[in-house]
Amino acid sequence: MHRYSVTDPQQRRCIVPFAAEPLQLAGLRQAVRAELVAWGMQTLVEEAQLITTELASNVIKHVGQGTPATLVLDAGTDQLRVELHDNSYKEPQSLHPTSEEESGRGLQLLVGLSVAWGATRTAVGKAVWCELSLSPDKSRCRIQRATTLLETYGHAAGGTAVRLTHRPILEESATSLILDLLHWLTAHGLDPDDILDRAQTHFESEVS
């Protein structure tokens, strides 16, 4: 179902085209989780999944089941932007439902979860977007730097562009990078075991 398109690794972007149908929602949530974990944004997974489900459900309900749509995730250094594109120009209305009414609660959910949200007209319809704030976190920053390094390393090693979301790929890429670093340390007269011991000590102190 999903095809990923990734642009500049410094500004991560994931594009997931899909047909707006109830059976597609679980796959969309899985795609969101896989990307955010790979980007070191685990803390935003639940909110992003809820927003994605709500936006996709709105397309199914208000535009039509089976409508071609596209989910776009744009990750910056301190925020995540979730966009849902469809082929309708009808913009969502800001509603204030009573306790007995059902419609309109989706927009209230978006407002509650997001630091900002809105709708933008496109050449073929509209995009409804939400932005989630990501608070500074030392571990997250390290994961993001490592992800960028592994992606850059993959290109330098002559590999093709692959998604770092599957365990075998992660293990192979990380092992190869560490092996090259060990060779580099030895070539510069440094003790690989000493460096690894120091890295392990720092790691344990940061995660404890």
Side-chain angles (χ1 to χ4, degrees), residues 1-20 24-60 63 68-86 91-92 94 105-122 124-152 154 161-167 169-170 173 206-207:
M1 176 185 73
H2 305 304
R3 291 184 178 180
Y4 297 100
S5 174
V6 181
T7 55
D8 184 355
Q10 297 301 323
Q11 177 68 33
R12 305 188 192 288
R13 163 174 275 214
C14 173
I15 302 173
V16 186
F18 68 98
Q24 300 281 7
L25 297 181
L28 288 174
R29 288 191 291 269
Q30 292 173 0
V32 169
R33 173 176 291 278
E35 291 301 314
L36 296 191
V37 169
W39 295 343
M41 294 184 169
Q42 292 93 326
T43 57
L44 295 183
V45 168
E46 290 188 10
E47 290 91 340
Q49 286 180 322
L50 282 172
I51 288 173
T52 297
T53 299
E54 182 59 39
L55 294 179
S57 297
N58 282 344
V59 175
I60 295 171
V63 182
T70 303
L71 172 68
V72 179
L73 303 176
D74 267 313
T77 56
D78 58 0
Q79 70 178 21
L80 173 71
R81 185 180 176 100
V82 181
E83 297 181 1
L84 203 295
H85 295 246
D86 62 59
E91 295 186 3
S94 181
R105 300 195 180 282
L107 292 181
Q108 287 189 334
L109 173 66
L110 300 187
V111 172
L113 292 176
S114 310
V115 295
W117 79 277
T120 304
R121 286 208 169 199
T122 66
V124 296
K126 70 175 180 299
V128 181
W129 55 270
C130 298
E131 292 181 349
L132 296 172
S133 177
L134 190 63
S135 59
D137 177 83
K138 188 173 183 180
S139 177
R140 174 184 60 81
C141 291
R142 289 191 181 279
I143 293 171
Q144 289 182 331
R145 289 202 301 267
T147 300
T148 300
L149 179 62
L150 282 168
E151 290 175 344
T152 305
V162 295
R163 305 300 302 130
L164 296 173
T165 56
H166 300 293
R167 188 180 184 90
I169 296 176
L170 287 169
S173 299
E206 290 182 5
V207 299

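Computed from a predicted model, the values in this text were never measured in an experiment. Each residue takes its place number in the sequence, starting with 1.
- Taking Arg81 as the reference, Glu83, Glu131 meet the salt bridge (Lys or Arg N to Asp or Glu O under 4.0 Å) condition, with sequence neighbours excluded.
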For this session: Evaluate the side chain to side chain contact (heavy atoms under 4.5 Å, CB included) criterion for residues Glu54 and Asn58: first the C-alpha distance (whole Å), next the side-chain angles of each, then the deciding distance (0.1 Å), finally the verdict.
Result: CA-CA 6 Å; Glu54 182 59 39; Asn58 282 344; 3.1 Å; yes
Exercise. What's the verdict on side chain to side chain contact (heavy atoms under 4.5 Å, CB included) for Leu71 and Val82, showing C-alpha distance, side-chain angles and the deciding distance?
Worked result: CA-CA 7 Å; Leu71 172 68; Val82 181; 3.8 Å; yes
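- Considering all non-hydrogen atoms of both residues, Val115 and Ser133 come closest at CG1-CB, 3.7 Å.
- Remark: Trp39 CH2 to Arg13 CZ distance equals 9.5 Å, nearest 0.5 Å.
- Considering only residues two or more places apart in sequence or on other chains, Ala56 meets the side chain to side chain contact (heavy atoms under 4.5 Å, CB included) condition with Phe18, Leu25, Leu28.
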Problem set entry | Evaluation steps, side chain to side chain contact (heavy atoms under 4.5 Å, CB included), between Ile51 and Trp117 | CA-CA 11 Å; Ile51 288 173; Trp117 79 277; over 6 Å; no
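- Residues passing the side chain to side chain contact (heavy atoms under 4.5 Å, CB included) test with Glu47 are Leu113, Leu132, sequence neighbours excluded.
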For this session: Output, in order, the C-alpha distance, side-chain angles, deciding distance and verdict of side chain to side chain contact (heavy atoms under 4.5 Å, CB included) for Leu73 and Met41.
Result: CA-CA 12 Å; Leu73 303 176; Met41 294 184 169; over 6 Å; no
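- One distance of note links CD of Gln79 with CG of Leu44; it measures 10.5 Å at 0.5 Å rounding.
- Counting heavy atoms from C-beta outward, Leu80 and Leu36 have side chains that approach closer than 4.5 Å.
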